[in-house]
Amino acid sequence: MLDDMFDYLEHLRERPVWQPAPAEVRATFQAPLPRAGSDLAGLHRTFMDDVLPYAVGNAHPGFFGWVHGGGTPVGMLAEMLAAGLNANVGGRDQVPVEVERQVARWMAELFRFPAGASGIFVTGTSMANMIAVLVARRRMLGLEVRDAGLASMGQGLVAYTSAAAHDCIAQAMDLTGIGRAALRLVPLDDAYRMDTAALEQAIAADVRAGLRPFFVAATAGTVDTAAIDPLARVAAIARANGLWFHVDGAFGAMAMLSAELAPLLDGIEQADSIAFDFHKWAQVPYDAGFVLVRDGELHRDTFSAAPRYLKREPRGMAGGSPWPCDFGPDLSRSFRALKTWFTLQAHGADRMGAAIAGTCALARYLAGEVRQRPAFELLAPVSLNIVCFRYKVTGMVTGMADGLDADDFNAALVADLQEAGIAAPSLTTLRGKVAIRVAIVNHRSERRDIDAMLKGLEELAVQRLEAAR
């Protein structure tokens with residue numbers, strides 16, 4: 001199994017980035033519950049033949065869709081060790097908890113948080129953002145909200161984020177019981193960042209209306225364009241109005257590992273909480289999300305509980321309090337920290353930062369190529385590692401050319417490229433235009449992968465235009 005996975009990673013470029021699974025492969029996974037055991041070698045062959053070739057392909061250097069990390073062999077091996085150990089890292093006195101605490105201290109150091117900061121591994125930034133909302137709610141309403149709930153205490157709470165923020169911020173408002181309607185989506189400036197003047201106006205309007213602003217989420221690396229909100233300015237507005245200042249840094253926060261890119265995140269060190277994923281730019285295998293909270297005691301008060309079966313003791317296995325389960329909703333927790341610890345130790349923060357900066361350099365290269373090729377147009381500034389552009393349909397008049405709609409054409413072109421196995425960008429919509437969105441996250445990606453994607457787009461576009469005539 002290890003040999004096969006090493007071979008797979010070594011020869012990724014020889015494979016299609018993605019390919020649709022045939023009906024007969026899908027039928028393999030329609031079989032009923034097995035009542036008898038099967039030969040392990042046969043099961044592995046099924047994996048190699050019917051699972052591995054038909055995954056989404058984010059380990060491939062030509063995968064540019066969404067923001068998916070590529071993983072590393074180091075992380076894969078660490079995941080194997082963690083699975084063999086099978087530690088439940090919800091708590092109790094064990095060194096796996098110490099590994100997680102060490103990673104939390106490293107992150108506090110990286111983001112210049114105080115010694116009393118706390119951090120915890122979660123599935124991903126969606127969960128991390130929800131934890132941040134809950135801690136902010138606890139600060140606003142007091143400890144009694146944990147028993148009384150929002151029905152009696154939560155009237156008038158409102159929060160803010162940019163119109164370009166990930167929907168998981170709105171989902172966090174939903175899941176915490178505050179509600180999506182209580183989230184104000186602040187307009188964007190010309191660079192797709194939160195308009196801070198509009199933020200101030202929205203807060204003032206809500207205060208005049210008798211509402212209670214409590215939370216603002218800035219984004220470090222927006223999902224569409226990788227724009228970075230003006231973090232220092234948002235921090236100042238939050239302080240002036242008594243709001244919890246949170247940063248959704250799902251992938252962008254890891255730019256702090258790069259001395260070249262870290263200045264772009266000026267102000268992130270002022271955050272009350274930061275959510276991010278190691279499984280994106282830091283290349284840790286899925287899943288490895290994290291939330292870092294400035295006030296560790298407040299964080300603990302938001303979640304800690306001591307039922308009789310979790311009673312802490314001064315010695316024995318029930319020692320070592322506080323436990324990770326005191327900082328989040330999960331008691332059963334996998335050893336996510338080990339693959340992150342291995343990755344940071346094996347490669348070092350500087351080398352990881354250089355790889356992150358390298359993906360941004362590739363994005364600038366792609367943007368330059370787009371500008372030089374008359375068939376394409378750039379649709380947004382390139383802030384970090386995401387490039388949004390599209391194919392220009394020649395002679396376009398009011399969005400149409402030769403009976404072709406430019407938006408439909410670009411959407412079909414991306415599907416053609418994906419199905420050809422050449423490269424896998426995704427789509428988004430910017431100011432009413434469908435954009436080809438290229439997110440360069442994988443440490444394996446090189447200029448030749450960018451060139452192959454552009455060549456594929458140009459050739460497939462010509463084929464599609466000729467077929468339409």
Would you mind checking if E98 and R101 are paired as a salt bridge, meaning a charged N to carboxylate O distance below 4.0 Å?
yes
Check whether NZ of the Lys or CZ of the Arg R336 lies under 6.0 Å from the centre of the six-membered ring of Y286 and within 45 degrees of that ring's axis.
no
Would you call D449 and R13 a salt bridge, using N to O less than 4.0 angstrom?
yes
Taking NZ, NE, NH1 and NH2 as the nitrogens, is one of them in R45 or D39 under 4.0 Å from a carboxylate oxygen of the other?
no
Ring pair (Phe, Tyr, Trp, His ring centres under 6.0 Å) partners of residues 42-63, not counting sequence neighbours, each pair once
F63-H68
Considering only heavy atoms from C-beta outward, does the side chain of S445 approach that of F64 to under 4.5 Å?
yes
Among all residues two or more places apart in sequence or in another chain, which pass the ring-ring contact (aromatic ring centres under 6.0 Å, His included) test with F121?
F278, F290
Do P96 and L85 have side-chain heavy atoms sitting under 4.5 Å apart?
yes
In this structure, which one of T219, T222, N129 forms a side-chain hydrogen bond (donor to acceptor under 3.5 Å, both in side chains) with D248?
N129
Could you verify whether a donor N or O on one side chain and an acceptor N or O on the other, from T125 and D277, lie under 3.5 Å apart?
yes
Sub-4.5 Å side-chain heavy-atom contact between L430 and Y192
yes
Min side-chain heavy-atom separation Y365-D451 under 4.5 Å:
yes
A side-chain contact here means heavy atoms from C-beta on lying under 4.5 Å apart; do V17 and Q418 qualify?
no
Counting C-beta onward and ignoring hydrogens, is there a side-chain heavy-atom pair between D408 and L404 closer than 4.5 Å?
no
Would R437 and T428 count as having a side-chain donor-acceptor pair, cut-off 3.5 Å?
no
Test side chain to side chain donor-acceptor pair (under 3.5 Å) applied to T302 and R138, step by step:
CA-CA 6 Å; T302 304; R138 155 74 181 84; 4.8 Å; no
Note: E79-K339 ion pair, threshold 4.0 Å (strictly below):
yes
If we only count heavy atoms from C-beta on, is the L384 to I228 side-chain gap below 4.5 Å?
yes
For the residue pair R390 and K433, establish whether any side-chain heavy-atom pair is separated by less than 4.5 Å.
yes
Using a strict threshold of under 4.0 Å (side-chain N to carboxylate O), is an ion pair present between R373 and E369?
yes
Looking at R312 and D93, is there a salt bridge between them, counting it only when a charged N and a carboxylate O are closer than 4.0 Å?
no
